[in-house]
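Every heavy atom of this structure was used, including side-chain atoms; hydrogens, water molecules and symmetry mates were not. The sequence lines fix the lettering, A, B, ..., with proteins before strands; numbering per chain opens at 1.
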There are 2 protein chains.
Amino acid sequence: MVTIKDIARLSGVSKSTVARILSNSGSYSDVSKEKVLKIAQELNYKPNSLARAMITKKTNNIGLVIHSRIYPVISHPFFASIVSSAVDAATKQGYSVMVFNDKEIQNSLDNIRQKQMDGIILAGYVDKSIVQELKSNYIPVVLVNDLIDTTYETSYVINDDFGGSFQAIQYLIDSGHKTIGFIHGPKDSQSYHQRLSGYKEAFKQGKIEWDERYVVYQETPNIEGGIQATKQLLAADPLPTAIFAGNDMMAIGVIKEIKSRGLQVPYDIAVVGFDDIEFSSIYEPALTTVRTDKKLMGEMAVQELIRQLEGADEANTITLPTELIIREST
Amino acid sequence: MVTIKDIARLSGVSKSTVARILSNSGSYSDVSKEKVLKIAQELNYKPNSLARAMITKKTNNIGLVIHSRIYPVISHPFFASIVSSAVDAATKQGYSVMVFNDKEIQNSLDNIRQKQMDGIILAGYVDKSIVQELKSNYIPVVLVNDLIDTTYETSYVINDDFGGSFQAIQYLIDSGHKTIGFIHGPKDSQSYHQRLSGYKEAFKQGKIEWDERYVVYQETPNIEGGIQATKQLLAADPLPTAIFAGNDMMAIGVIKEIKSRGLQVPYDIAVVGFDDIEFSSIYEPALTTVRTDKKLMGEMAVQELIRQLEGADEANTITLPTELIIREST
DNA sequence: CTGAAAGCGCTTACAG
DNA sequence: CTGAAAGCGCTTACAG
């Protein structure tokens, strides 16, 4: 590895001068500059960021902690896009991203501190205590995709869960549906609470009585969860004419269960999902769903974190717009 | 941040002694040990890995470069599992992983050098020159999921593309198929070459004449690519009775195109994919495919890289077994 | 404009 | 068993 010492020796100036030229700070002569830059170039010099970070107290590394309590969530298409877009956005701004899995969260937290990450993005559900620990170590944090009730001021980036849900139900109501099932995800997830609120609000504005028998809770929001929830929903009388699933994976389960009973989607029962994962447009029938912008989510999380790293102190709440995508399941 | 200096002061010994005790090296008395450990505990001391790395020349960080030439590959379910399992495996061994996107590969490479990554995993197709640059900087490299022809000795982890393909075609032949279409992915991918070889070998062993009209190349191996390739295949006379797609996404395109012509899968034409991505079992008809072990792939890549970091010098080739999963499309 | 010096937080011989 | 010292590769005042 070539160091400033090597460059200093070869260009006949001191390390200090080399350092000043290379970091473009302080003053130096054009002559020195030319010599130093030329040698650095020839030697393909790259500054050692560890050494730099020791002094500047800034590594230009951010941590991305992925939640994995429910299913292997990193491999979930939804979170994968966040990782991808976060990496891209961070790279553009001169940061690198280190990915951690919250399965061994305490371990990750220790790593984050030891490795001097500048800040952390927590994607998905996290325990309050995690945010607390980070905050008490003065590490900037941005929460993504779900929020938690904390006494600490924390920035977060979430989807407009309420609005997306509201729009979906309103569309269903406008299409003539009056009995609409709703499948709620894990109870500790704020996102699903918001989606339920949007559901209720649409009923209210549509002046339709809301019947709680059609709201079902499902702790494992995947295909199997959707199937189980649908079994409950289809035990009601009258049958719902539409089902709004808390997410796309559950929605696919809903369709599968409906089909298995010899009923047809959307003729007998219409189905709407939430997320617009890649499969939703590929599945048959293609799923009507509330699209969230996963790419933007990663980007905004990075942007907000960097904003904090650069000194902003107030916590920011960023709500990303959703869009109803109408396909074949309604 | 609490440092060994703080601990030294509070426990009344020198920094050297604290360092020795904390890193459990050299010698020290039990009395000192007890005092130091207690204080370190109380102060919730975590060593600064930057400082440590400066001396040991080891960061315990590895880079994972994800290829994204064809589609946003990080968000591709296949690569997401690799990221996930690599992070898990690395964590278990005391390493952290930094994710880079090869879209800006030179930029990433600079980062990798500056940030002193101990080693690199290159997932997906990479240009020879990248491996060369890494090697000439003495950075250990492991190639994953595709290999390249390089004069440098490099370790890689790949699937048994030949064997998986061979088994799939043999199964098709055993089921009575004689005219089997094959959709090859990008020409520069060794994986697809291997899959084609397996296809040919099965024909050879089945003593069936191989007809090159049934082999089609497709540079964009996604659903649309599968649809286009199928159009070519269905222009042949006689029609193939089975189509083996180079990957699952293309296989789904194949099925869509077959369906759109009013033909039925598998009755008119059987379809087999490769990968066994999550969606393959969800799609209808559920896809018969060659399963690859994405989780194991990430794990083995990490394991092999660590093996090198610990001094192993020969390059290792790890071929992961595949498994034919028979579902509804055949 | 330039160089010597101190220091970031740690590790590692080396004397005592 | 213990402490002082040197050093990892850089940055940053500070004299000159």
Side-chain angles (χ1 to χ4, degrees), chain A residues 1-37 39-40 43-61 94 110-118 137-138, chain B residues 1-37 39-40 43-61 94 110-118 137-138:
Chain A
M1 284 278 72
V2 6
T3 70
I4 53 169
K5 207 170 154 187
D6 300 317
I7 298 180
R9 188 166 31 80
L10 291 170
S11 50
V13 297
S14 72
K15 290 190 302 176
S16 322
T17 301
V18 172
R20 263 182 256 113
I21 292 172
L22 258 22
S23 63
N24 196 21
S25 69
S27 51
Y28 42 79
S29 65
D30 283 350
V31 187
S32 302
K33 180 178 175 183
E34 208 172 312
K35 273 190 299 188
V36 166
L37 255 25
I39 307 254
L43 267 43
N44 192 18
Y45 169 79
K46 300 289 173 214
N48 180 327
S49 23
L50 301 183
R52 174 174 291 175
M54 289 225 53
I55 296 174
T56 60
K57 302 292 176 203
K58 194 157 187 324
T59 55
N60 276 277
N61 291 156
D110 289 348
N111 267 320
I112 283 163
R113 281 186 56 198
Q114 299 187 205
K115 298 196 168 165
Q116 317 288 121
M117 300 282 121
D118 291 339
N137 280 296
Y138 303 103
Chain B
M1 284 277 75
V2 6
T3 70
I4 53 169
K5 206 169 153 188
D6 300 317
I7 299 181
R9 187 166 31 82
L10 290 171
S11 51
V13 298
S14 71
K15 290 190 303 176
S16 323
T17 301
V18 172
R20 263 182 257 113
I21 292 172
L22 258 21
S23 63
N24 197 20
S25 69
S27 50
Y28 43 81
S29 65
D30 283 352
V31 187
S32 301
K33 180 178 175 184
E34 208 172 312
K35 270 190 300 188
V36 166
L37 256 27
I39 306 254
L43 267 43
N44 193 16
Y45 168 78
K46 300 289 173 214
N48 179 328
S49 23
L50 301 181
R52 174 174 290 176
M54 288 226 54
I55 297 174
T56 61
K57 303 292 177 202
K58 194 158 187 321
T59 55
N60 276 279
N61 291 156
D110 289 349
N111 266 321
I112 284 163
R113 281 186 57 199
Q114 298 186 207
K115 297 195 168 164
Q116 316 290 119
M117 299 283 122
D118 291 339
N137 280 297
Y138 303 104

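Applying the Watson-Crick and G-U wobble criteria (two distances, each under 3.5 Å), dA13(C) pairs with nothing in any strand. Figure legend. dA4(C) is base-paired to no nucleotide; pairs are counted as Watson-Crick or G-U wobble with both atom distances under 3.5 Å.
Among the heavy atoms of the strands lying under 4.0 Å from K57(B) are primed sugar atoms or P, OP1, OP2 only; no base atom is included. Residue T3(A) is classed as a sugar-phosphate contact, given heavy-atom separations below 4.0 Å to backbone atoms only. At the heavy-atom level, S27(A) lies under 4.0 Å from base atoms of the strands shown.
For the pair I55(A) CD1 and dA13(D) P, the interatomic distance rounds to 11 Å; values are reported in whole Å. Summarising the geometry, the separation between OH on Y28(B) and C1' on dC1(D) is reported as 12 Å, rounded to the nearest angstrom. The distance from atom CZ of R20(A) to atom C1' of dC1(C) is 8 Å, rounded to the nearest whole Å. Distance CD (Q114(A)) to P (dG9(C)): 15 Å, rounded to an integer number of Å. Protein atom CG of L50(A) is 14 Å distant from nucleotide atom P of dC10(C), rounded to whole Å. In this entry the distance linking CD1 of I7(A) with C1' of dG9(D) reads 12 Å, nearest Å. Rounding to whole angstrom units, NZ of residue K15(B) and C1' of dG7(C) are separated by 10 Å. With rounding to whole Å, L22(B) atom CG is found 8 Å from dT11(C) atom P.
For the pair K33(A) and Y28(A), the tightest heavy-atom approach, listed with the atom from each and the gap, is CD-CE1, 3.7 Å.
Distances shorter than 4.0 Å separate none of the side-chain N or O atoms of T56(B) from OP1 or OP2 on dC10(C). Between Y45(B) and dC10(C) there is a side-chain N or O to OP1 or OP2 distance below 4.0 Å. Contact annotation: S14(B) side-chain N/O to dT2(D) OP1/OP2 distance is not under 4.0 Å.
Residue D30(B) is the one, among D30(B) and K46(A), whose nearest nucleotide of DNA chain D lies closer to the 5' end (criterion: closest heavy atom). Nearer to the 5' terminus of DNA chain C, by closest-nucleotide assignment, is the contact made by M54(B) (compared with the other of S16(B) and M54(B)). Both A19(A) and S32(B) sit near DNA chain D, but only S32(B) has its closest nucleotide nearer the 5' end.
With respect to the salt-bridge test (charged N to carboxylate O, under 4.0 angstrom), the residues D110(B) and R113(B) do not qualify.
Counting non-hydrogen atoms of neighbouring residues, nucleotides and ligands closer than 6.0 angstrom, the NZ atom of K58(B) exceeds 12 such neighbours.
For the atom pair M117(A) CE and N137(A) CG, the distance stands at 14.0 Å (nearest 0.5 Å).
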Q: Show your reasoning for whether side chain to side chain contact (heavy atoms under 4.5 Å, CB included) applies to S32(A) and I21(A).
A: CA-CA 8 Å; S32(A) 302; I21(A) 292 172; 3.9 Å; yes
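Separation of the P atoms belonging to dG9(C) and dT2(D) is 25 Å when rounded to the nearest angstrom. dG7(D) and dA4(C): their P atoms are spaced 16 Å apart (whole Å).
No side-chain donor-acceptor contact under 3.5 Å links T59(A) to the backbone of A53(A).
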